[in-house]
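Notes to accompany the following structure.
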Number of protein chains: 2
Amino acid sequence: MRLVIAKCSVDYAGRLSAHLPIATRLLLVKADGSVLVHSDSLSYKPLNWMSPPCALSTVEPDQDHLDAGITEIWKVVQAKTADQLVISIHEILLDTTHDLGIDPGLQKDGVESDLQKLLAEQIELLGEGFHLVRREHMTAIGPVDILAKDAAGASVAVEIKRRGDIDGVEQLTRYLELMNRDPHLAPVVGVFAAQEIKPQARMLAQDRGIRCVLLDYDAMRGMDDSHSRLF
Amino acid sequence: MRLVIAKCSVDYAGRLSAHLPIATRLLLVKADGSVLVHSDSLSYKPLNWMSPPCALSTVEPDQDHLDAGITEIWKVVQAKTADQLVISIHEILLDTTHDLGIDPGLQKDGVESDLQKLLAEQIELLGEGFHLVRREHMTAIGPVDILAKDAAGASVAVEIKRRGDIDGVEQLTRYLELMNRDPHLAPVVGVFAAQEIKPQARMLAQDRGIRCVLLDYDAMRGMDDSHSRLF
DNA sequence: CGTTTGATCTCGCAT
DNA sequence: ATGCGAGGTCAAACG
């Protein structure tokens, strides 16, 4: 990884065009050749960047460039899309390279798949007498998160989101429409389950006869045997 | 901006839990207090981070930590959500600070608003005799990108995307459903206009009687008077 | 302030 | 490869 702090201007031409006026920024060149341009604010997202696979080359500045104060030009081209990033450097304040080695990677916990697993194990949270048919029930247009049956034996399709917005309701609606055409399943009722449900999503769901259920991840994890065994 | 290259492990607890095993990484502390943890690959996205507003404090390692080889502990807490990022440092290989000043910011060209402006000016691209009623026509559930009339005087609702996928078709469908209930507008036909349209989105649109139109941004910009005057 | 929507979204998984 | 869904989405625009 090469770290350069430099006074520079940057131009990107690819999926769109973008320009960064001259200023002092951090230029990050990673081992895979990718380049990130970061300013001193706006965390997370670089001002500009080039994703791998890409190649960095330095171009000799011509007299016009030199007159404009440009001492060095980096040209980064994407190998597949031919997107271009051109960094015109006026002054280098830091230039250091370190070998970091490969990273073991991030371990996550608490994402949608965890919610799905917990709700499948605690399907009675949806109501007395509910039982699980299967997770990831396949339909022609994709898998329904959970298929269950209620106390009366009617089919229940459950869509699970961490954050429930309008898209999730649309998705569940398409599944329900399709599943209700299947005489082996119909009638199928829908349940939209999420840790948080946006008002507009709740409205749309109600309008379509879909029940909304709020999930409490911490409480559900607390009920989980495999988790509680760890303590 | 402070740049630190260090052998460290990282733990995040907030909207989810995440852990990074010990390895050498770049730690980036920005002027606003935000922190980014980058590895030497996977451009763009940090392995872990904390967004502003947040506060960084150093915690004195206890004997257990010291025995484990930890020489320094950073604790970063989000001011509002109380999310926590804990960085346990084993060895510092680089530690340098530079004042970058504020960045003038990125200038973009070619995003959705540009497409909308150009299509509004060149509405006849949709067909002979089309004319613009207005951009951002308000409905009860939000603004339709462009409202136009065709040669026969029938209303046309246009949804514009850079990349047209199924969500855009759903969105337009909701608008059409609503607008067709309005006797002043009905009947309203839909046009889904994008630089690129995914096959599944095209299928769904066709199924709902919505016309798909591919937009050529460069050609449209070439036709644009205000742009050509610049050259 | 909350809420919505776009993004050079990125990223991962399944087909 | 391509499509699809999720993201600690982020971040800007709008009410």
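Every heavy atom of this structure was used, including side-chain atoms; hydrogens, water molecules and symmetry mates were not. Numbered from 1 within each chain, the chains take letters A, B, ... in sequence-line order. Note that the structure is predicted; figures quoted are calculated from it, not measured.
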N/O contacts under 3.5 Å, protein versus nucleotides 13-15 of chain C?
none

With [X], which residues qualify under salt bridge (Lys or Arg N to Asp or Glu O under 4.0 Å), at least two apart?
X      : answer
B/E177 : B/R181
A/D218 : A/R221
B/D83  : B/R15

Proximal nucleotide (of [options]) relative to the [X] side chain:
X      : options               : result
B/W49  : D/dC10, D/dA6, C/dT4  : D/dC10
A/K198 : C/dT4, D/dA11, C/dT10 : C/dT4
B/K80  : C/dC1, D/dG7, D/dA1   : C/dC1
A/R174 : C/dT10, D/dG5, D/dA6  : D/dG5
B/V111 : D/dG5, C/dA7, D/dA11  : C/dA7

- [ ] Hey, which sits more toward the 5' end of DNA chain C by its nearest nucleotide, B/Y44 or B/E159?
- [x] B/E159
Open item on the list: What residues from residues 11-33 of chain A pass a heavy-atom cutoff of under 4.0 Å to DNA chain D?
Closed with: none
Task: A/L172 versus A/V191, closest heavy-atom pair with distance - done: CD2-O, 3.6 Å
Open item on the list: Mind checking if B/S43 touches a base, just sugar-phosphate, or nothing, with heavy atoms under 4.0 Å?
Closed with: sugar-phosphate
TODO: Kindly state each residue pair satisfying side-chain hydrogen bond (donor to acceptor under 3.5 Å, both in side chains) with at least one member in residues 31-41 of chain A, sequence neighbours excluded.
DONE: A/D32-A/S34, A/H38-B/K30
Rounded distance (Å) that lies between atom [atom2] of [N] and atom [atom1] of [X]:
X      : N      : atom1 : atom2 : value
A/L106 : C/dT10 : CG    : P     : 19 Å
B/Y175 : C/dT5  : OH    : P     : 6 Å
A/E170 : C/dT4  : CD    : C1'   : 15 Å
B/D167 : C/dG6  : CG    : P     : 9 Å
A/M203 : C/dT3  : CE    : P     : 14 Å
A/L172 : D/dG5  : CG    : P     : 13 Å
B/D165 : D/dG5  : CG    : P     : 9 Å
A/E112 : D/dG5  : CD    : P     : 11 Å

side-chain contact (heavy atoms from CB on, under 4.5 Å) partners for [X], two or more places apart:
X      : answer
B/Q195 : B/L115, B/R162, B/Y217
B/Q171 : B/E159, B/K161, B/R174, B/Y175
A/L42  : none

Open item on the list: Quick check on C/dT5: is either OP1 or OP2 less than 4.0 Å from any side-chain nitrogen or oxygen of B/K161?
Closed with: no
Open item on the list: Measuring to OP1 and OP2 of C/dC11, would you say a side-chain N or O of B/K45 lies under 4.0 angstrom away?
Closed with: no
Open item on the list: Between A/K108 and B/S17, is there a side-chain donor-acceptor contact under 3.5 Å, judged purely by atom types and distance?
Closed with: no
- [ ] Using only heavy-atom distances, determine whether the side chains of B/E136 and B/Q116 contain a donor-acceptor pair under 3.5 Å.
- [x] yes
Task: First of A/K108 and B/P52 reached from the 5' end of DNA chain D, by closest nucleotide - done: A/K108
